[in-house]
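Below, each value reflects all heavy atoms present in this structure, side chains not excepted, and no hydrogens, waters or symmetry copies. Here the structure is a predicted model, which is why all the values come from computation and not from measurement.
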Amino acid sequence: QSSCEPCDAGEVALPGSSECSPCSAGKYASSRGECSQCEVGTYSDEGSTHCSLCEGGQIPDAGQRGCEDCHAGEFALLGSETCHVCQPGSASHAGSSSCTLCKEGRYAADVGSSECSECPHGTFAGAGFSRCSTCSEGSIPNVNQSSCELCEAGEVALPGSYSCVTCDDGTYAPSGSGTCSQCEEGRYAGKGSTNCSQCEDGRIPDANRAGCVTCDPGEYALSG
């Protein structure tokens with residue numbers, strides 16, 4: 001051979017070499033010369049002329065020879081050097097490019113959560129919440145457990161309840177009450193009442209104060 005031949009791009013040869021060798025994975029040669037190490041956050045295959053960015057959800061492996069997925073509970077943007085953990089109130093599966101906020105009625109309490117958990121009965125959480133909260137007295141979680149709604153008048157609920165309870169005969173409750181109140185003497189209320197009422201003239205509340213009964217012959221009663 002009468003002349004020296006140049007190596008192809010991605011290959012190099014030391015002085016006096018009889019053949020060219022490809023750059024190893026994790027390095028590159030864009031022109032004839034030395035193999036250079038890929039920059040941080042990039043990778044290359046053997047014999048590469050340039051280094052590439054990993055896709056979202058992946059980062060270069062230890063030798064920058066390829067890409068590996070981030071673990072569940074982590075994420076990485078396009079070209080990231082390292083994976084980042086999801087914050088409370090969000091979660092991710094393996095190989096994610098972002099964390100997803102927990103939906104209403106679900107929560108993630110810890111850093112690096114792989115999934116969101118359902119709120120327990122009697123509690124609620126908005127989107128992106130890290131914990132579930134208890135509704136105040138007189139209210140319960142709505143169907144989606146995303147917020148609280150007041151009990152109807154004549155119904156009550158203690159803090160942490162998941163259903164409203166109807167007031168019994170002789171008791172009443174305005175909307176948003178935690179307990180039913182007993183009717184005063186001389187007044188009555190049927191089941192699920194919002195207030196107590198007076199009996200008409202000639203009638204008095206029955207023993208349970210659930211309604212009115214008529215006075216016996218020879219007796220009378222005035223309203224109020």
Side-chain angles (χ1 to χ4, degrees), residues 56-59 69-77 80 82-199 205-212:
Q58 296 183 327
I59 59 171
D69 285 346
C70 293
H71 296 134
E74 300 177 337
F75 75 98
L77 301 175
S80 292
T82 58
C83 297
H84 305 282
V85 295
C86 295
Q87 295 302 304
S90 64
S92 73
H93 53 75
S96 294
S97 59
S98 64
C99 299
T100 302
L101 291 178
C102 295
K103 295 182 179 179
E104 295 176 337
R106 303 179 72 89
Y107 73 102
D110 301 321
V111 171
S113 294
S114 60
E115 61 180 1
C116 300
S117 303
E118 291 184 0
C119 287
H121 282 306
T123 63
F124 73 96
F129 275 37
S130 60
R131 65 182 181 89
C132 302
S133 302
T134 300
C135 293
S136 58
E137 68 174 27
S139 61
I140 59 171
N142 60 11
V143 175
N144 298 325
Q145 289 184 263
S146 60
S147 62
C148 299
E149 57 186 18
L150 288 177
C151 294
E152 295 183 3
E155 297 181 338
V156 295
L158 294 174
S161 298
Y162 59 87
S163 62
C164 298
V165 179
T166 302
C167 291
D168 290 329
D169 291 333
T171 64
Y172 72 99
S175 178
S177 298
T179 57
C180 301
S181 300
Q182 189 76 33
C183 287
E184 297 177 1
E185 189 172 351
R187 292 174 175 269
Y188 75 95
K191 196 170 186 178
S193 293
T194 60
N195 53 57
C196 299
S197 304
Q198 294 180 345
C199 292
D206 61 22
N208 296 323
R209 301 180 186 176
C212 298

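Residues Cys86 and Ser92 have side chains in contact (heavy-atom distance under 4.5 Å, counting atoms from C-beta outward). The shortest distance between side-chain heavy atoms of Cys199 and Tyr188 falls below 4.5 Å. Put simply, the side chain of Pro120 reaches to within 4.5 Å of the side chain of Cys132, judged on heavy atoms. In this structure the side chain of Pro88 reaches within 4.5 angstrom of the side chain of Val111, judged on heavy atoms.
The salt bridge (Lys or Arg N to Asp or Glu O under 4.0 Å) contacts involving residues 171-196 comprise nothing, where partners must be two or more places apart or lie in separate chains. Counting only residues at least two apart or in different chains, salt bridge (Lys or Arg N to Asp or Glu O under 4.0 Å) contacts with residues 117-142 comprise Arg106-Glu118.
Ser113 and Ser90 make their closest contact through CB-O, 3.8 Å (heavy atoms, listed as atom of the first residue, atom of the second, distance). In this structure, Gly170 and Gln182 approach most closely via the heavy-atom pair O-NE2, 3.4 Å. A pairwise comparison of heavy atoms in Ser161 and Pro141 identifies O-CD, 3.5 Å as the closest pair. Smallest separation of non-hydrogen atoms from Ala173 and Thr179: CB-O, 4.1 Å. Annotation for Ile140 and Cys135: closest pair C-SG, 3.5 Å, computed over non-hydrogen atoms. In plain terms, the two heavy atoms of Gly190 and Asp169 that are nearest each other are C-OD1, 3.5 Å.
For the atom pair CG of Leu158 and SG of Cys164, the computed distance is 10.5 Å after rounding to the nearest 0.5 Å. Here His84 contributes atom NE2 and Glu74 contributes atom CD; the two are 9.5 Å apart, rounded to the nearest 0.5 Å. Atom OH of Tyr107 is separated from atom OG1 of Thr123 by 8.0 Å, given to the nearest 0.5 angstrom. Here CZ of Phe75 is found 5.0 Å from SG of Cys99. Values are rounded to the nearest 0.5 Å. With values rounded to the nearest 0.5 angstrom, Ser181 atom OG is found 11.5 Å from Asn195 atom CG. Rounding to the nearest 0.5 Å places SG of Cys212 at 7.5 Å from CG of Asp206.
Judged purely by atom type and a 3.5 angstrom limit, Asn208 has no side-chain atom pairing as donor or acceptor with the backbone of Ala210. In terms of modelled atom types and a separation under 3.5 Å, the side chain of Ser130 and the main chain of Asp110 share no donor-acceptor contact. Thr171 contributes no side-chain N or O that, together with a main-chain N or O of Cys180, makes up a donor-acceptor pair within less than 3.5 Å. Looking at Thr134, its side chain never comes within 3.5 Å of a backbone N or O of Pro159 through a donor-acceptor pair.
Residues forming a ring pair (Phe, Tyr, Trp, His ring centres under 6.0 Å) with His71 (at least two apart in sequence, or on another chain): none.
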- Item | Worked check of side chain to side chain contact (heavy atoms under 4.5 Å, CB included) between Ser133 and Phe124 | CA-CA 5 Å; Ser133 302; Phe124 73 96; 3.7 Å; yes

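A donor-acceptor contact under 3.5 angstrom links the side chains of Asp69 and Gln58, judged on distance only.
Applying the 6.0 Å contact sphere to OH of Tyr172 captures no more than 12 heavy atoms from other residues, nucleotides or ligands.
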